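Below is one structure, written out as C-alpha cells; comments come after it.
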Amino acid sequence: MAKSSPKDIHELMQRAHDLAGIRLADIAADNQISVPENLRRDKGWVGQLIESELGALAGSKPQPDFIHLGVELKTIPIDCKGKPLETTYVTVAPLVNIQGLSWQDSVVFHKLQHVLWVPVEGERSIPVGERRIGTPILWQPNALQAQQLQQDWEEIMELIALGKVDKITARHGEVLQLRPKAANSHTLTESIAEDGSIQLSNPRGFYLKIEFTQQILNNAFG
DNA sequence: CCTTGATCATGG
DNA sequence: CCATGATCAAGG
C-alpha cells in the first residue's frame, strides 16, 4: 500500500521520527518490497525505500521530494559512530548555457535550502535488512555553511565556464565537490571547451563531502 | 584507511 | 541521454 504524502513538515517529521530504531527489513515488509542481499546492484534501494515509507513523490524530477513542503529527502549511510560513510549526491552539474547563472538561481542552492536527513546504518558487515534507521534531522544551512557552499559552487562553475571541466577533480572545493555522475565513463554530454566552443565530456554531479555532512549530524546531536 | 573516479537501477 | 536514488572498489 502506497503511503500518503505528509500534509505538513510537522507530520513529515513525526513520521520520520517514528522510523528511528527500526530495521530496513521491517520497512520493506510494510511496503511489500523485497530486501536485496547487498546494494551492489541496488545502490539507490535504501533511499527509495525511505521515500516510499514517508510518502515522497516518486520519479526523477529536479524538484524537492516533498515539493509542497519544499523539503528534500536524503538518506545518509553512517558507521557505528554516526559518521557518514559516503559523500552525498546533490544534483547534476550544468555544463553549458551557464552564462549569468548565479548561486541563488542554481539547483544546488535550491536543493539544499531545506533537507530532511535520515541516517541509516551502512556498514557492509550488517546485512541490509538488519540495518537500522537513525534519528532524522531537518536541516537548513547556517550562515557559514551557506557561504562555504556558495564559494565552492562559484569556483567550480567558473572553471566550467572557462572550459576547464575536464581539469576539475574531486579535490576542488572545501565542502562541495564535482565528480562523474553517469552510467559509465563513456557517457558523454555537451560542455564548454577552452576556446569557447562546444565539446563532449563525461557528465558531472555536485556532491557534499563527508566532513560537511558529518558537521550537520554533529550539530544536530551536539 | 579514505577518497576519487566509476558504476548500477529505473523512469521519462 | 538526463535526472532520480546512491554505493562500489581500486589506488593513493
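The sequence lines fix the lettering, A, B, ..., with proteins before strands; numbering per chain opens at 1. Treat the numbers as computed from the prediction; the structure is a model and nothing was measured.
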Of the listed B/dA9, B/dG5, C/dA9, the closest approach to the A/R41 side chain comes from B/dA9

Between C/dA3 atom C1' and A/E51 atom CD, what is the distance in whole Å?
-> 12 Å

Between B/dT4, B/dG5, C/dC2, spot the one nearest the side chain of A/T189, thanks.
-> C/dC2

Rounding to a whole Å, what distance do you find between A/L200:CG and C/dC1:P?
-> 10 Å

Within a strict 4.5 Å, meaning less than it, do heavy atoms of the A/L112 and A/V108 side chains meet?
-> yes

Derivation and outcome, salt bridge (Lys or Arg N to Asp or Glu O under 4.0 Å), residues A/K209 and A/E86 = CA-CA 8 Å; A/K209 292 189 173 183; A/E86 295 286 349; over 6 Å; no

Please state how far atom CG in A/L39 lies from atom P in B/dA6, giving the value in whole angstrom units.
-> 22 Å

If we only count heavy atoms from C-beta on, is the A/L176 to A/L208 side-chain gap below 4.5 Å?
-> yes

Working to the nearest 0.5 Å, report the span between CZ of A/R15 and CD of A/E53.
-> 7.0 Å

Remember a base hit wins even if backbone is also touched, and classify A/G47 as base, sugar-phosphate or nothing at under 4.0 Å, heavy atoms.
-> sugar-phosphate

Picking from C/dT4, B/dT4, B/dT7, which would you name as closest to the side chain of A/Q177?
-> B/dT4

Taking only the side-chain heavy atoms of A/K43 (C-beta and beyond), determine which of C/dT4, C/dA9, C/dA6 contains the nearest atom.
-> C/dA6

Within this structure, what is the CD-to-P distance between A/E211 and B/dT4, rounded to whole angstrom?
-> 11 Å

Quick one: on DNA chain B, does A/K83 or A/L178 contact a more 5' nucleotide (nearest heavy atom)?
-> A/K83

Pick the nucleotide of DNA chain B nearest each of A/Q48 and A/L85; which residue has the one closer to the 5' end?
-> A/L85

Indicate, with a heavy-atom threshold strictly under 4.0 Å, whether A/A183 touches base, sugar-phosphate, or nothing.
-> base

When rounded to whole Å, the CG to P distance for the pair A/N184 and B/dC8 reads 7 Å

Under the side-chain contact (heavy atoms from CB on, under 4.5 Å) rule, what do A/L19 and A/L54 come out as? Steps first, then yes or no, please.
-> CA-CA 9 Å; A/L19 300 182; A/L54 291 179; 3.8 Å; yes

Do the side chains of A/I168 and A/E155 get nearer than 4.5 Å, heavy atoms only?
-> no

Just how far, in rounded Å, is C1' of B/dT4 from CZ of A/R204?
-> 12 Å

For the pair made of CG in A/D166 and P in B/dG5, what is the distance, rounded to whole Å?
-> 12 Å

Polar side-chain atom of A/K181 near backbone of A/Y89 as donor-acceptor pair, under 3.5 Å | no

Does A/K181 make a side-chain donor-acceptor contact with the base of B/dG5, cut-off 3.5 Å?
-> no

Nearest nucleotide by nearest heavy atom, which residue falls closer to the 5' end of DNA chain C, A/P203 or A/R171?
-> A/P203

Interatomic distance where CG belongs to A/L95 and C1' belongs to C/dC2 [whole Å] | 12 Å

Give A/R179 one of three labels, base, sugar-phosphate or nothing, depending on what nucleic acid heavy atoms sit under 4.0 Å from its own.
-> base

For the base of B/dT3, is there a side-chain donor-acceptor partner from A/K209 under 3.5 Å away?
-> no

Closest to the A/E72 side chain: C/dT7, C/dG5, C/dC8?
-> C/dG5

So, is A/T75 near the phosphate of C/dG5, with a side-chain N or O under 4.0 Å from OP1 or OP2?
-> no

With the side chain defined as heavy atoms from C-beta on, A/Y207 is closest, among C/dA9, C/dA6, C/dT4, to C/dA6

Take A/Y89 and A/T187, find for each the nucleotide of DNA chain C with the closest heavy atom, and name the residue whose nucleotide sits nearer the 5' end.
-> A/T187

Phosphate oxygens OP1/OP2 of C/dA6: is one of them under 4.0 Å from a side-chain N or O of A/T88?
-> no

Testing C/dT4, B/dT7, B/dT4 for proximity to the side chain of A/E86, the answer is B/dT4

For A/T169, answer base if it contacts any base atom (sugar-phosphate contacts may also be present), sugar-phosphate if it contacts only those atoms, and nothing otherwise; contact means non-hydrogen atoms under 4.0 Å.
-> sugar-phosphate

